[in-house]
Amino acid sequence: LLQAWDRLAPVQRGAALIATWDGLLAGSIVAVEDYFELLLGIVQREQDPLLLELALGQLQYLYQTLLGEARQTALAPAMEDLLWETLGAQPDSGLTKLVFGYYAALVASPARLRQLYAIWDGSLALDKLVLEEEDRVDLAQILAIRLPGQSAEIVARQLANTTNPDSRRRLEFIAPSLSPDMAVRDAFFESLRDGNNRRTESWVSDALANLHHPSRRGQAEKYLLPSLELLQEIQVTGDIFFPSDWLQATLVNHNSATAVQIVRGFLAQRPDYNPQLRMKILQAADGLFRAAAIREREIQRFAAR
């Protein structure tokens, strides 16, 4: 159905995207790389903002979480070039900003990161791209993780240029989660055991997302078990929605068999665990379980070629 994309009505295109994605996650005959190529074509042509965002979101998750590192490396140049061309071809500032957000999250090559840095520091301006202060703060976080040698300079410069006091305090709080120094990140995670350091829960979720960034998932696996062990305390001390946010930020980017074993082992060792929290863990880990299974199937498929 996706092959006939341009002949479908918007509602049919949305239904096709959702159905194909569900089939992919369920282990249907849709191959990850084949769907990746289809999504690139859709992103290049789609003008409806809702459908474009849906396709871009699927593309990001597929590339960063479902593809193996070797395939990411092989596919990255064409993807980065296509997204850059798509960014420049948008008819208005809204669509330009939408595509740029995903472009910034996905690019990793040195040349594209230098380009992204130039956009952030204002030395490169793009037609129809208008970045507000909050957008630059978000971009600074991406760059601080992707350019570890410049991380401290990027954070310091963004702090100096951030006029909104709440935004500045938020960046000050999450700055250790951006550090290239694992000891600094470890100390920050340990600080979250203190409930006083979890008071602004949205900041904590943002910081956890940085700790578990796709480029750091191997290093971040050691945070999984202690994060699960803290969950009951978080339920008692935090907002009603915070346990789910904590779990989502912790688990969403992981895809390894080791991470699956940590989660399943935690639950298996606690048969009398709080049923509500058990359900929340299983809901948040559903993507992890599916991603690990899909990656294993893809490895077997390539090995059989």
Side-chain angles (χ1 to χ4, degrees), residues 56-57 59-61 63-65 69 72-73 76-77 79-88 90 93 96-164 166-189 202-220 249 252-253:
L56 284 165
L59 180 74
Q60 180 180 356
Y61 186 80
Y63 178 79
Q64 292 183 329
T65 306
E69 291 183 7
Q72 287 180 351
T73 300
M79 178 192 70
E80 292 183 353
D81 289 348
L82 184 142
L83 288 177
W84 179 253
E85 293 170 6
T86 302
L87 176 63
Q90 296 309 305
S93 60
T96 300
K97 190 172 181 178
L98 172 62
V99 175
F100 178 76
Y102 286 93
Y103 174 81
L106 282 163
V107 298
S109 66
R112 293 298 185 186
L113 288 173
R114 286 194 298 270
Q115 184 186 62
L116 207 59
Y117 183 97
I119 294 170
W120 169 72
D121 76 2
S123 59
L124 174 61
L126 299 185
D127 185 35
K128 296 190 289 290
L129 179 63
V130 180
L131 297 180
E132 307 296 339
E133 184 173 86
E134 277 304 300
D135 301 320
R136 294 192 184 277
V137 172
D138 291 342
L139 188 51
Q141 292 180 72
I142 292 172
L143 290 169
I145 292 172
R146 291 294 195 183
L147 299 173
Q150 298 170 257
S151 181
E153 173 260 323
I154 290 168
V155 173
R157 187 169 174 181
Q158 186 59 57
L159 282 169
N161 291 335
T162 301
T163 59
N164 183 290
D166 288 336
S167 296
R168 190 163 55 247
R169 285 194 294 270
R170 171 180 169 271
L171 184 54
E172 288 171 345
F173 176 83
I174 67 175
S177 72
L178 299 168
S179 174
D181 187 339
M182 190 182 299
V184 173
R185 302 201 302 272
D186 289 349
F188 174 79
F189 179 80
S202 63
W203 296 359
V204 174
S205 296
D206 292 342
L208 286 172
N210 292 330
L211 292 179
H212 294 275
H213 187 272
S215 65
R216 295 170 163 178
R217 60 169 62 97
Q219 299 171 340
V252 68
N253 289 325

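- Remark: Trp120 pairs with Gln158 by the side-chain hydrogen bond (donor to acceptor under 3.5 Å, both in side chains) rule, at least two apart or across chains.
- In this structure, the side chains of Asp81 and Arg112 come closer than 4.5 Å at one or more pairs of heavy atoms.
- Under the rule for a side chain to side chain contact (heavy atoms under 4.5 Å, CB included), the partners of Val184 that lie at least two apart in sequence or sit in another chain are Pro176, Ser179, Asp181.
- Here the closest non-hydrogen pair linking Asp127 and Thr96 is O-CG2, 4.1 Å.
- Within the 4.5 Å cutoff, the side chain of Leu178 has heavy atoms near those of the Leu171 side chain.
- Taking CD1 of Ile154 as the start and CG of Leu143 as the end, the distance is 5.0 Å to the nearest 0.5 Å.
- With sequence neighbours left out, Leu124 forms a side chain to side chain contact (heavy atoms under 4.5 Å, CB included) with Gln115, Ala118, Ile119, Leu126.
- Separation of atoms CD (Glu132) and CG (Asp138) is listed at 12.0 Å; rounding is to 0.5 Å.
- Note: Phe100 CZ to Leu116 CG = 5.0 Å, rounded to the nearest 0.5 Å.
- With sequence neighbours excluded, the residues satisfying side chain to side chain contact (heavy atoms under 4.5 Å, CB included) with Ser202 are Thr200.
- Atom OG1 of Thr163 sits about 7.5 Å away from atom CZ of Arg168, to the nearest 0.5 Å.
- Taking Pro180 as the reference, Pro148, Ser151 meet the side chain to side chain contact (heavy atoms under 4.5 Å, CB included) condition, with sequence neighbours excluded.
- Side-chain contact of Ser109 with Glu80: a donor-acceptor pair under 3.5 Å is present, judged by distance alone.
- Arg217 contributes a side-chain N or O that, together with a main-chain N or O of Asn253, makes up a donor-acceptor pair within less than 3.5 Å.
- Partners of Arg114 by side-chain hydrogen bond (donor to acceptor under 3.5 Å, both in side chains), not counting sequence neighbours: none found.
- Contact annotation: the side chain of Leu211 approaches that of Phe189 to within less than 4.5 Å [non-hydrogen atoms, C-beta and beyond].
- The two residues Ala108 and Leu113 make their nearest non-hydrogen contact at O-CD1, 3.3 Å.
- A 4.5 Å side-chain heavy-atom check between Arg216 and Met182 finds every atom pair outside the cut-off.
- Residues Val155 and Ala175 approach most closely at CG1-CB, 4.0 Å, considering heavy atoms.
- When all heavy atoms of Arg146 and Leu106 are compared, the closest pair comes out as NH2-O, 4.3 Å.
- With rounding to the nearest 0.5 Å, the separation of CD in Gln90 from NZ in Lys97 is 14.5 Å.
- Ring planes of Phe188 and Phe173: perpendicular class, angle over 60° (limits at 30 and 60°).
- A 4.5 Å side-chain heavy-atom check between Val107 and Leu83 finds every atom pair outside the cut-off.
- Taken to the nearest 0.5 Å, the OG1 atom of Thr162 stands 10.5 Å off from the CZ atom of Arg136.
- Taking each heavy atom of Gln64 and Ala105 in turn, the nearest pair found is NE2-O, 3.0 Å.
- The two residues Glu133 and Asn161 make their nearest non-hydrogen contact at OE2-O, 3.5 Å.
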